[in-house]
Structures are given as structure tokens and as C-alpha cells.
J.: 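Here's a structure for you.
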Amino acid sequence: MSLSIQNAARIPPNLFATDHRQRVLTQLRSKHIGLEKYIYLGGLKERDPNLFYEILLSNLLEVVPILYTPTVGDACSNYSHIWRRPEGLYVTIENKGHIREVLRSWPAGQAARIAVVTDGSRILGLGDLGANGLPISIGKLDLYVGGAGIKPSTTLPICLDLGTNTQRFLEDPLYIGIRRKRPNTPEMDDFMKEFMEAMKEVFPQLLVQFEDFSTDNAFRYLDMFRHQKRVFNDDIQGTGSVVLSGFLNAARLASAASGKPLSDQRILFFGAGSAGIGVAKQLLSFFTLQGMAEEEAKKHIWTVDSKGLITADRKGLQDHKIFFARTDYQGPPLTRLADVINYVKPTALLGLSTVRNAFTEDVVRLMASLNTRPIIFPLSNPVSLCEVDYADAINWTNGSVIFASGSPYKSVEFQSQIYEPGQGNNMYVFPGIGLGSILSKARHVTDSMVEQASIALATSLNAEEKAAGLVYPRLTRIRDISAHVALAVVRAAQKDNVDENTLFRNLSDDALLDYIKAKQWRPTTAHLPRL
Ligand SMILES: NC(=O)C1=CN([C@@H]2O[C@H](COP(=O)(O)OP(=O)(O)OC[C@H]3O[C@@H](n4cnc5c(N)ncnc54)[C@H](O)[C@@H]3O)[C@@H](O)[C@H]2O)C=CC1
Ligand SMILES: CC(=O)C(=O)O
Ligand SMILES: [Mg+2]
């Protein structure tokens, strides 16, 4: 018997590709725990990557919350226990001195175009998970493939294993990382410099997305490398971009309801870490795009951290908090959120604090009493750390809230009406920022590329989405949206003269959009399991 006949005989006679897709979905749906679904999908990706991406693309609303927030949070928290096979690259502090060789071991070699790199020190809002952080890099890259059509073989998930300061992992016999505490700043700086140099040498075309570094290091390494390398920070820039976008649409809805000018927005940030300050800086554009000077725009933004309203007279203020520290508040420290709201009278309350249910009934009702349509964005991930649940926000505002959360919520029925939440998550922009940067071979990711991505997303709502009062487009359109975002990113790269690939300069927008869409990788359909 020939080998091919032997192989064919291993496929059951009545196996058809369409049925098999349904079989896979049935198997997935038979699992009732998120983490089990995550493990199942990981196995599917290993067995049949094509089918995995097909299932992802045709069931985005069901599958994204498993591969990404919230379930990826469980996967990271438990990664040492659920680990099955190598899925990405670990570069450890012990590799210092020969990081190039470690990078060269990546099977796809120079084909890599996009790497998501975490050091596991602040995974979502779950803290220092050390080497368990790898699934966040994998999940983000699944969205690059699903959302933007980046070819799977060109993606590179990396976890930098520099140790962990979380004692329970150091004591866990199954912990997969190096058993040591994290290095001090000079040691980490040396490591990061060697790592980034080696990345550029081994993968000259590669764009690096920094992900879930603890706040100080997030700002530090973005500042250190952004003007030398192809790199951006998703938590600072990606989140800034996506929230500006949702905010542009939310402010229009609020302004239409109140009759007040758009520029009257007063924005209160609850949480002032990499995400909070990253978003606050990007939201300055909301005002400057309307012609306001930056100094004036800054006056429309207040920030709160675990010690209360951030004021310039506070001792030992971390560097990243200084820019928005208020100089105009005199009085005792304002530590209760309700007191800060009574003082600031915000039109918008944005949560990036990791504090579950911090937006209590009092707080939400207070926002509703101050505004016809209060903008409330509880953006902390995963759902277990969200500042307020959607159903509560709808109930406590009698349906008037304009809402977007970091992790997904289901629609809510209130007084016989269905309300649909927005999801203000950087997943709406990083795939398009990456795609546009890769296609234009951008030397750097400039501020204008990030801002234009945001505007492209904000203007991508179709008539039906606008009529439904949404602030973000539906996720099911993510491929199309990412293509529009990528187009805006390419154009901004050209204006900033950072496009090494200048071939697109003479193309019309329509022609370039067609080109981008044609470049999007798609899984082949109607196949049977591989032998
Ligand atoms: N929706 C999205 O796309 C994104 C959401 N995030 C989420 O944002 C959250 C924060 O991330 P980072 O800024 O990097 O973390 P971080 O830990 O640096 O920042 C948290 C901030 O919240 C403040 N805070 C903590 N407890 C508080 C309390 N009781 N009252 C007031 N403020 C308090 C801290 O002082 C700090 O300023 C995480 O949950 C993360 O998942 C981050 C990036 C993107
Ligand atoms: C969404 C994301 O990047 C975060 O929560 O860190
Ligand atoms: Mg992140």
C-alpha cells in the first residue's frame, strides 16, 4: 500500500470540512470554564493553525474574549500550570551577553515582522506575573493575525524573563521562569539595550510592540528607544489612541444631548499609571484638534491616583505624574473619589486604576446628576478589575451613560430598551498601527501616526453604528477597520518622512486601501485536518 493511501485511510470516510468546523465549535462550546476553552484553542492552533484562524475570524465575538481579555488573564495567572509546549521565545537575564544567538534560534528567522514583547511585570491589571506573561504576547499577536491580516509566520511572541518579585511564583515548584527577583534599573537598562540592538540586527525589518511593562519601565524604555528603533508601547500609545477615538465620538453624543460646546469637556482620570497618563496625554489632542493651545487643554484634565487628586505640591511625585499635577487646587488633600468629582465637576470619568467597582453607585449617580449624558469609561482589565459593570452603569444613570470598558460586556436590557456597550481596548488600533508601519517600513512610530490611527478609527463608524449611538465600530468589522487605520498610519508616516518604503506615495487613497486589503492574510477555507 502506498504511503498516501495509508494516510487517506486514517481520515474517516464521512469527514467533511464544513462539518469539521462545526465539530470544533461544538467541542469548544462544550467547555464551560474559560481557561479550558483557552487550552482547547491552543491545542487547535498547534494541530491545525489554518482552522484555528478560520474559527477566530468567523466567531470574533465569541473567541476574542478567550484568546484575549478577560480569559488571557487567567491563562497568564496559571501559565506555569497549563503550559503544554513552546509557543514563543523566552529571552532571560541569564542570556545577557549572547542575546543575538537566542534570537537567531527563532524558527521563522528573518521573516518575522512584528514582535510583541513583555517582561511580565504588569500583565493587564494582575501585577507581576514574571515568565507567566507570555500568553499576553501570544494573544495580542493572534489579534494582529485576526484583526489586521498579518501572516501568522511573521509574528514573534517574546517574554523577557528577568525574574519576578511575586513571592508565590518563586515558591511554586511548577513555576516556569527563573527563580530570582527582578534586576535593579542599571542591570535592566543594560539588558534592554543589548536586547533591542540584537533585535535590530537579527530581525532588521521587525516592529516591536512593548506590552505590559510596569509603569516606570514602560515610559523609560519607550523614551529610550522610540527615536532609534521601530518600536511603540501599546499601553501608553495604543491605549491613548483608542481612547481618544472613542472619546471623540462620546463627546459628540454628550454635546448633542447637553447643547454645550465640545470644548467644555472636563476629564477626570482615576488611575495615573502608564495607561492613565498615556491616555491623558493623547486626549490633549481632543482639545488641540479643536484649535485650543496645549497649555489650555491641560487645564481640562485632572488625574487621581491611590493617594487622591494629584497636585503639584505633593511630595515625591513620580515623574510621569508631574505633567498633569494640578497647581490650582488649594485645600486639604482630596482622597475620596466623590469629593474629587464634587470639586472638578467632570463631564467624563475614565478608570485605569485596576480597582474593581471603584465607580460606586454614589459616584455614578453623582456623574449623572452633573451631566445629561455622563461619559464613563471603566477601562481596567480584565473584567474582574473593571471599575463598574455595564448593567450597574445603565441602571444608576437611567440609561444616560456613554460607556466603554476595557474588557467586553454584553448588551443590557433596561426599561424595555436594549443598550449596547463600547469596548475601549487598544485591540482596535494596534493591529492597524502595526500593519501600516510594516507596509510603509516606518523607521519609527511617530506621534502623528498614533493620532491619525485614532482619527481613522473614530471616523470608521458606519450609518447603522452611528444610529445605534455607538462610540466604537462593531468588532466584527475589525479587518476593514484595521485596513483604514493602516492607511492613515501609512499617510502619517509619509508626512513625517519615516517611510522607508516610498512606493505608496504616488498611490491614491483608494488604490492604497485596495492594496492593503489585498495584502491581508486569510486562512484557506474548506480543508480537512492535516495528517
Ligand atoms: N482598555 C485598554 O485598552 C487598556 C487598559 N489597561 C488597564 O489599565 C489598568 C492600569 O494599567 P497601568 O496604568 O499600566 O497600571 P498601574 O498600576 O501603573 O496604574 C494604576 C494606577 O491606578 C492608581 N490606583 C491604584 N489604586 C487606586 C485607588 N484605590 N484609588 C485611586 N487610584 C488608584 C495607581 O496609583 C496608579 O496610578 C490595568 O488594569 C490595565 O489592564 C491598560 C492598557 C490598555
Ligand atoms: C489591553 C491592555 O493592553 C492591557 O490591559 O494592558
Ligand atoms: Mg497591555
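Computed from a predicted model, the values in this text were never measured in an experiment. Numbering of ligands and ligand atoms starts at 1, following listing order.
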J.: Going by distance alone, is a donor N or O of one side chain under 3.5 Å from an acceptor N or O of the other, for Arg220 and Asn217?
T.: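 No donor-acceptor contact under 3.5 Å links the two side chains.
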
J.: My understanding is that only one of Phe287, Tyr472, Phe286 makes a ring-ring contact (aromatic ring centres under 6.0 Å, His included) with Phe247; could you say which?
T.: Phe286

J.: Would you check whether Leu124 reaches within less than 4.0 Å of ligand 2, judged by its heavy atoms?
T.: yes

J.: Test of understanding: given a 4.0 Å heavy-atom threshold, classify the contact between Tyr68 and ligand 2 as side chain, backbone, both, or neither.
T.: side chain

J.: Please check if any side-chain donor atom of Ser353 sits under 3.5 Å from a side-chain acceptor atom of Glu387, or the reverse.
T.: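 The answer is yes; a qualifying pair exists.
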
J.: Indicate if the distance from the Mg ion (ligand 3) to the nearest N, O or S atom of Asp234 falls below 2.8 Å.
T.: no

J.: Checking contacts here: is it the side chain or the backbone of Arg122 that comes within 4.0 Å of ligand 1, counting heavy atoms only? Could be both or neither.
T.: side chain

J.: Looking at ligand 1, is there an atom of it that comes within less than 4.0 Å of some heavy atom belonging to Val242?
T.: no

J.: Indicate, as side chain, backbone, both or neither, the part of Thr239 found under 4.0 angstrom from ligand 2 when only non-hydrogen atoms are considered.
T.: neither

J.: Vertex the Mg ion (ligand 3): angle to OD1 of Asp235 and OE2 of Glu211, to 10°?
T.: 110°

J.: What atoms in ligand 1 come closer than 4.0 Å to a heavy atom of Asp235?
T.: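 Answer for ligand 1: 42 (C), 43 (C).
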
J.: I'd like to know whether ligand 2 has Met427 as a neighbour, heavy-atom separation below 4.0 Å.
T.: no

J.: Please determine if Arg474 and Glu420 form a salt bridge, counting it only when a charged side-chain N lies under 4.0 Å from a carboxylate O.
T.: yes

J.: Return the closest protein heavy atom for atom 5 (O) of ligand 2 as residue, atom name and distance.
T.: Asn381 ND2, 2.8 Å

J.: Heavy atoms only: which of Leu309, Leu352, Thr69, Asn426 is nearest to atom 20 (C) of ligand 1?
T.: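 Nearest option to atom 20 (C) of ligand 1, by heavy atoms: Leu352.
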
J.: Hey, is Asp212 touching ligand 2 through its side chain, its backbone, both or neither, going by heavy atoms under 4.0 Å?
T.: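 Side chain only.
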
J.: Among protein heavy atoms, which sits nearest to atom 25 (C) of ligand 1, and what does the distance come to when rounded to 0.1 Å?
T.: Ser353 O, 3.5 Å

J.: So does Ser274 get a backbone contact from the side chain of Thr215, meaning a donor-acceptor N/O pair under 3.5 Å?
T.: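 Side chain of Thr215 to backbone of Ser274: a pair is present.
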
J.: Relative to ligand 2, is Lys140 under 4.0 angstrom through side chain, backbone, both or neither, heavy atoms considered?
T.: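 It is the side chain that gets close, since no backbone atom is under 4.0 Å.
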
J.: Any N or O on Asn426 sitting closer than 3.5 Å to an N or O of ligand 2?
T.: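 There is such a contact, yes.
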
J.: Is Asp235 touching ligand 2 with its side chain, its backbone, both, or neither, if touching means heavy atoms under 4.0 Å apart?
T.: side chain

J.: Check contact between Val355 and ligand 1, using heavy atoms of the residue and a distance below 4.0 angstrom.
T.: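 Yes, Val355 has heavy atoms under 4.0 Å from ligand 1.
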
J.: Using protein heavy atoms only, decide if any is under 4.0 Å from atom 17 (O) of ligand 1.
T.: no

J.: Of the side chain and backbone of Asn425, name the one, both, or neither that has a heavy atom under 4.0 Å from an atom of ligand 2.
T.: side chain

J.: Check this for me, if you would: do Asp142 and Lys45 make a salt bridge, where the nitrogen-to-carboxylate-oxygen distance has to be below 4.0 angstrom?
T.: yes

J.: Look at atom 30 (N) of ligand 1 and say which protein heavy atom is nearest, naming residue and atom and giving the distance to 0.1 Å.
T.: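 Going atom by atom, the protein heavy atom closest to atom 30 (N) of ligand 1 ends up being Phe270 CZ, 3.2 Å.
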
J.: Any nitrogen or oxygen of Asn381 lying under 3.5 Å from a nitrogen or oxygen in ligand 1? Just yes or no.
T.: yes

